[in-house]
Amino acid sequence: MITVTLTVNGRTYRADCEPRRTLADFLRHDLGFTGVHVGCEHGVCGSCTITLDGASARACCLLAVQVDGSEIVTVEGLASDGELHPLQESFRKHHGLQCGFCTPGMLATATELLKENPDPTDAEIRQAISGNLCRCTGYQFIVDAVRDAAR
Amino acid sequence: MKAAPFEYLRATSLDEAIEALGTPDARALAGGQSLVPLLNLRQARPSLVVDINRLDELSFLRKENGRLEIGALTRHRAVETSAVVRSEIPLLAEALGHVGHVAIRNRGTIGGSLAHADPAAELPAVMVALDADFTVRSASGERTVAARDFFLGPHRTALGRGELLTRISVPSHRGGWAVEELSRRSRDLALVAVFATVTMTGEVCESARIAVAGAGPTPIRATAAEASLTGGPMTGDAIALAAELAAAATDPPGDLHAPADYRREMAAVLTRRALARAKEGA
């Protein structure tokens, strides 16, 4: 077992884990951030996407021990002072989530997209979220939500 | 699925990492974007994982004597978005745009992709097209391996036990270039991808380099196709002939996604398109 220290959503956590523990399982099972969703476990589905030291990352394709000392934002850290993040508000307004499984990863990806490109075209939005699989919405409502949040 | 247990060492110096990599069945962990999925799927079961993420000396990007020197631990996204790379070796920046999605490229490393040696991956083929050199370090010192000699088979490289890929040296490129890729999903590994560079004097092709990914056990350098173009006018017929020669040099695998004949045919189609575009930009 190795002790891993992470700052998650502004608070510091410390826990022991085996070296083989993925960051996704560490966040979800050891620290209780159940917004981190584990899907394919090999980097294809994007459900475990979080923000790591300011950039999006697949939490299933990292070992927790590998990112010891890092700063992480999960979907739980997006809302502040009881107010949803504009993207979360927009997802709700446009019905950009159905089962909700892909939503935390979609939000992490969309947050990064809008940070780097505040006025993306639909094609750019589709390209950005093409690494996040959604089996419910057909993506149209998600694209609508991201476009609207950019305004 | 979950990874099988392994020993873990967070290397604090290059020497320590190299010594540990001498352990039987040890694997280096850089970004983890190839290795961790393999661990999760238990397709890799190393005895020891040597984490090189803290070796900051392996993360750099600088121009030196007309070449770009890239530390093995440099993340894809840093290379892709670098102004120097975009101006000196735009083919490399463009190729990196095809490597997974942004979340993958934020963590994945240049050296990690190359050492992983997936024959359908973009970086090995682009390095072969660009005549890059790799620096490999071991306890007995450093050696240089040309990209063309580095890839021995699917996921097999010239790296021996106790060796670590530390640095990639890429000559600057002037002239036209193009990436053409066919994949099943946006940013997925290639079914077939072609990387081409062309320099011209007037209408005459001075040099052409063509490498194909996904069409054999290693990246394929299409030398006969290159030779057929060099020194002659780059007409449509010349490009068509080069495309046929490039396809003939491939030895594509067949699987449920694409039979070998289809991949070979696509190698010709993509080479034709890539050469036409590279010529336009030359």
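Bear in mind the structure is a predicted one, so any value in this text is a computation, not a measurement.
For A:Leu113, no part lies near chain B; criterion is any non-hydrogen pair under 4.5 Å. Proximity to chain B (any heavy atom under 4.5 Å) is restricted, for A:Leu133, to the side chain, taken from C-beta onward. Looking at A:Ile50, there are no atoms closer than 4.5 Å to chain B (heavy atoms on both sides), in backbone or side chain.
Open room surrounds CZ on A:Phe141; 12 or fewer heavy atoms of other groups in view lie less than 6.0 Å from it.
With chain A as the partner, the residue from B:Gly32, B:Ala3, B:Pro5, B:Ala4 showing the most heavy-atom pairs under 4.5 Å is B:Pro5. Across A:Ala128, A:Cys60, A:Gly43, the residue that shares the most heavy-atom pairs under 4.5 angstrom with chain B is A:Cys60. Options A:Gly46, A:Ala57, A:Cys40 differ in how many heavy-atom pairs under 4.5 Å they form with chain B, and the most are formed by A:Ala57.
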- request: Go through the steps to decide whether B:Val36 and A:Leu63 satisfy the test side-chain contact (heavy atoms from CB on, under 4.5 Å), and finish with yes or no.
  value: CA-CA 7 Å; B:Val36 176; A:Leu63 301 175; 4.1 Å; yes
Can you list every donor-acceptor pair under 3.5 Å that links chain B to chain A?
from: B:Met1; atom 1: N; to: A:Glu41; atom 2: OE1; distance (Å): 2.5
from: B:Lys2; atom 1: NZ; to: A:Asp25; atom 2: OD1; distance (Å): 3.3
from: B:Lys2; atom 1: NZ; to: A:Asp25; atom 2: OD2; distance (Å): 2.6
from: B:Lys2; atom 1: NZ; to: A:Glu41; atom 2: OE2; distance (Å): 2.5
from: B:Ala3; atom 1: O; to: A:Arg20; atom 2: NH1; distance (Å): 2.7
from: B:Tyr8; atom 1: OH; to: A:Val65; atom 2: O; distance (Å): 3.4
from: B:Arg10; atom 1: NH1; to: A:Asp68; atom 2: OD2; distance (Å): 3.3
from: B:Arg10; atom 1: NH2; to: A:Val65; atom 2: O; distance (Å): 2.6
from: B:Ala30; atom 1: O; to: A:Gln66; atom 2: NE2; distance (Å): 3.1
from: B:Gly31; atom 1: O; to: A:Gln66; atom 2: NE2; distance (Å): 3.0
from: B:Gln33; atom 1: NE2; to: A:Cys61; atom 2: O; distance (Å): 3.0
from: B:Asn40; atom 1: ND2; to: A:Glu41; atom 2: O; distance (Å): 2.9
from: B:Asn40; atom 1: ND2; to: A:Cys60; atom 2: O; distance (Å): 3.0
from: B:Arg54; atom 1: NH1; to: A:Asp68; atom 2: O; distance (Å): 3.4
from: B:Arg54; atom 1: NH2; to: A:Gln66; atom 2: O; distance (Å): 3.2
from: B:Arg54; atom 1: NH2; to: A:Asp68; atom 2: O; distance (Å): 3.0
from: B:Arg77; atom 1: NH2; to: A:Glu116; atom 2: OE1; distance (Å): 2.8
from: B:His101; atom 1: NE2; to: A:Ser130; atom 2: OG; distance (Å): 3.0
from: B:His101; atom 1: NE2; to: A:Gly131; atom 2: N; distance (Å): 3.2
from: B:Asn106; atom 1: ND2; to: A:Ser56; atom 2: O; distance (Å): 2.8
from: B:Asn106; atom 1: ND2; to: A:Ser56; atom 2: OG; distance (Å): 3.1
from: B:Asn106; atom 1: ND2; to: A:Glu112; atom 2: OE2; distance (Å): 3.1
from: B:Ser186; atom 1: OG; to: A:Gln127; atom 2: OE1; distance (Å): 2.9
from: B:Ser186; atom 1: OG; to: A:Ser130; atom 2: OG; distance (Å): 3.1

